[in-house]
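Notes follow the structure.
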2 protein chains.
Amino acid sequence: MSKEKRLDAIRKIISNHKIGSQEELLSRLTDLGFDLTQATLSRDLKQLKVGRIPSDNGFSYIISQKFIDSSENREFSPVAYGFLAIEFSGNLAVIKTLPAYSHTIADAIDKSEMNEILGTVAGNDTVIAVLREGYSSDQVINAIGNFLPELKGKLKQ
Amino acid sequence: MSKEKRLDAIRKIISNHKIGSQEELLSRLTDLGFDLTQATLSRDLKQLKVGRIPSDNGFSYIISQKFIDSSENREFSPVAYGFLAIEFSGNLAVIKTLPAYSHTIADAIDKSEMNEILGTVAGNDTVIAVLREGYSSDQVINAIGNFLPELKGKLKQ
DNA sequence: ATTCTGATTGCATATTTATACATTTTTATA
DNA sequence: TATAAAAATGTATAAATATGCAATCAGAAT
């Protein structure tokens, strides 16, 4: 039910903060209202392919693409790579991205010319998309999944 | 002397083979004639900043070329300095800033991950923040004051 | 509705990894 | 060379992380 939201939150937290352990991440998640155990978090991190690298004062979790890149990802999609999470408020969709990826992603949305989205503006790590009146968030998610199939794995449901 | 050779060997092994655990790597190293324990290997990996990512059948160790910057705490707060005013309209907050400060301030808001704000975009001297549905402007002001206490003095209405 | 199937999760625990401490080895300096 | 200081290491163990298993839940199919 809320697993996708949880994964979104994990992606967001990890890309914005230096997290040193699963316990620390777990604490942040429970602060945000998510109810889970370390076991589930471990599985989430595995599913998200979140990596851990040594840092000066301990360790740090990072989105794996940040250090895989070259060898295995032959068909690399910057759109899927930079896309972190999407949420809705009223007639707006707010898409969180890796820093500097918002323009790439907004551009992909604009070029797809999906009917459900009137237009976008892009900040540094955020895209705001204005929804056409009468469309639900589910419909918009479906539309994005259809026009940008590389994002399907990162959209809820 | 022997340590540098060992580190070289570790680098080589890790970049050429999929290693799933320190024990596995340790075994390869002892096969090559190196004499060490898991404890030393753990320290070596930390020194080499070797990361570990989940892979299909377990985990995989990799050399990470990129580092992650850790921000230092300073006395001067560009967030407080650049912040001029905030006003609300519907589910949006509009923050006026000194020219070129909008991205800094939007970024601070994004990183705070306050529940009340879904996301932001920044122009030159303006930040637009999308509020989560159900929150009043007063609640948002309180949240900003809590997450960014350096702004407290500037949030009176 | 009932049954089946697969996904999700917590609990308990196994496995893996990091580290405090003591010791040895190396390096630097007088 | 002798001595002090720093680096490297092993042992034992703490700390962190992964996972087998059983229970629960969500959908799909009958």
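So you know, we letter chains A, B, ... as the sequences are listed, proteins then strands, and number each from 1.
Following rounding to the nearest Å, A:E23 (CD) and D:dA15 (P) show an atom-to-atom distance of 12 Å. In this structure, B:F59 places its CZ atom 12 Å from C1' of C:dT17, rounding to the nearest Å. Whole-Å rounding puts the B:I10 CD1 to D:dA8 P distance at 13 Å. When rounded to the nearest whole Å, the span between CD of A:E24 and C1' of D:dA16 equals 13 Å. Distance A:L48 CG to C:dT8 P: 12 Å, rounded to the nearest Å. Atom CG in A:L26 sits about 15 Å away from atom C1' in D:dA18, given to the nearest Å. If you measure from atom CD of A:E4 to atom P of C:dA7, you get 14 Å, rounded to the nearest angstrom. Between the CG atom of B:L45 and the P atom of D:dT9 there is a distance of 13 Å, rounded to whole Å.
Among the heavy atoms of the strands lying under 4.0 Å from A:D35 are primed sugar atoms or P, OP1, OP2 only; no base atom is included. The residue B:S21 sits close only to the backbone: its heavy atoms come under 4.0 Å of sugar-phosphate atoms, none of a base. Residue contacts for B:L36: at a heavy-atom cut-off of 4.0 Å it reaches the sugar-phosphate backbone alone, with no base atom in range.
Each of A:Q47 and A:A39 was matched to the nucleotide of DNA chain C holding its nearest heavy atom; the match closer to the 5' end belongs to A:Q47. Position along DNA chain D of the nearest nucleotide to B:R43 versus A:T40 favours B:R43 as the more 5'-ward residue.
Residue B:Y61 has no polar side-chain atom (N or O) positioned under 4.0 Å from OP1 or OP2 of C:dT16. Contact between the side-chain N/O atoms of B:S42 and the OP1/OP2 oxygens of C:dT17 is not found at any separation under 4.0 Å. The phosphate of D:dT19 has OP1 or OP2 within less than 4.0 Å of a side-chain N or O from A:K46. Taking side-chain N and O atoms only, A:R52 has a distance below 4.0 Å to OP1 or OP2 of C:dA18. Look at A:K3 and you won't find any side-chain N or O under 4.0 angstrom from OP1 or OP2 of D:dA26.
Of the residues A:R11, A:K5, A:K12, the one that meets the salt bridge (Lys or Arg N to Asp or Glu O under 4.0 Å) test with A:D8 is A:R11.
Note on A:V127: it clusters hydrophobically with A:L84, by side-chain heavy-atom contacts below 4.5 Å among ILVMFWY residues.
For the pair B:I86 and B:A93, the tightest heavy-atom approach, listed with the atom from each and the gap, is CD1-CB, 4.2 Å.
Donor-acceptor pairing under 3.5 Å is lacking for the side chains of A:Q139 and A:E116. Side-chain contact of B:D110 with B:T120: a donor-acceptor pair under 3.5 Å is present, judged by distance alone.
Distance from the side chain of B:Q22 is smallest for C:dA18 among the nucleotides C:dA18, D:dT19, C:dT19.
A donor and an acceptor atom never sit less than 3.5 Å apart when one is taken from the side chain of A:Q38 and the other from the base of D:dA16.
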